[in-house]
Amino acid sequence: MAHSDRVTNALWMLEALTVAPGHRLSAAEMRRALACTDEELDGYLDLLSTLADRQGGARAIAYRQGDSIVLEGDAARMRPLRLTAGESMALAHVIHALELDPNLSERLERALIAPGIEAGNQQPLFATARTYGPFYQELSEAIEDGVRCRILYRAQTDTQPAPRLIDPLAFEAFDDYAYLVAWNVEKDAERRYRLDRISDVELTDDSIGRREPSDLTVEDHLAQTGTIVTVECPASSDDCSSWSGVVDVSPSPQDPCRLRVAVRVSTVSWLFDQVLAAGGDMKIVEPTAWREQLLRYAQELSQGNVAP
């Protein structure tokens, strides 16, 4: 038997003894589990005896006692890592935000998170983590293998997901969200899809030729598809003037302490969210029709009728 296999078996024995009642198991049970002879079992015990606590110098004590194998000494025990309450809250938030596989989430919670804190019920105590959605792995493999996909995608203005036939090209990540850059087959054009808005992915049998994503920046895409909107905000605020798609910044004719910012906007609700989040410090100047839309949007939002 290779030395690496002997080490693996010895570590399995150590783990089994650590969790066993009284840190004791029968030699016969060990031989059956490891499919080994009595002589090989003694070899695993010899390997365990070489383990030591490097700080305290204490050695592992694993020995035979009658027909039992007994483990003694804290230096030998494989103690699980437990996090503090604060660390557990942070990890629970990340587990929930990353939308991990439920089985993996459960194992992480059981092994690491302090009792009483559940990832699935964690309140948003921290800033929202960028999410790659539940289909990042499938899409990553589709990009690597050059496979056409059907996705269900809900745009910001959609109430229900709609199908798209796409050739996935690459991923892009920004501060809050991650996007899939893909070629929309039906529109014959490149598009970006926010990963957390993709509700299903189906790999087709069609392979695609290698196509590189364009070098267009976010500003370039806004220039192609965005509508120019003018908003007014305090001059002390850097939020408006630092947006992607800004085409002009000038002082307000009515108030020199405020700025007028002309910006290209591709998603109406995104702008409305920025205005509402400003708590009255920001207003839409042009187009005036968007002001009425903002009021309707705020009313629907307060009634819970706007999808996130």
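Here the structure is a predicted model, which means the values were calculated and not measured. Along the sequence shown, the residues carry numbers beginning at 1.
Judged by distance alone, with hydrogens and angles left aside, the side-chain atoms of S68 form no donor-acceptor pair with the main-chain N or O of V70 at under 3.5 Å. Of the possible donor and acceptor atoms, none in the side chain of E292 sits under 3.5 Å from a partner among the backbone N and O of A289. Under the 3.5 Å distance criterion, the side-chain polar atoms of H23 are matched with a main-chain donor or acceptor of L17. For R258 (side chain) and D281 (main-chain N/O), a donor-acceptor pair under 3.5 Å exists by modelled atom type. Side-chain atoms of D255 come within 3.5 Å of backbone N or O of C257 as a donor-acceptor pair. In terms of modelled atom types and a separation under 3.5 Å, the side chain of T230 and the main chain of E286 share no donor-acceptor contact. For R291 (side chain) and I284 (main-chain N/O), a donor-acceptor pair under 3.5 Å exists by modelled atom type.
Donor-acceptor pairing under 3.5 Å is recorded for the side chains of Y193 and N184. Between the side chains of D200 and Y153, no donor-acceptor pair is found at a separation under 3.5 Å.
Under a hydrophobic clustering in which Ile, Leu, Val, Met, Phe, Trp and Tyr are joined whenever their side-chain heavy atoms come within less than 4.5 Å, directly or via other members, L45 and L34 fall into the same cluster. Tracing side-chain contacts under 4.5 Å through hydrophobic residues (I, L, V, M, F, W, Y), one never reaches Y179 starting from L152; they form parts of separate clusters.
Between R191 and D167 there is no salt bridge, since no side-chain N of the basic residue sits under 4.0 Å from a carboxylate O of the acidic one. The existence of a salt bridge linking D42 and R64 is confirmed by a sub-4.0 Å separation between a basic side-chain nitrogen and an acidic carboxylate oxygen.
Of all the heavy atoms in P168 and A182, the pair that sits closest is CA-CB, 3.9 Å.
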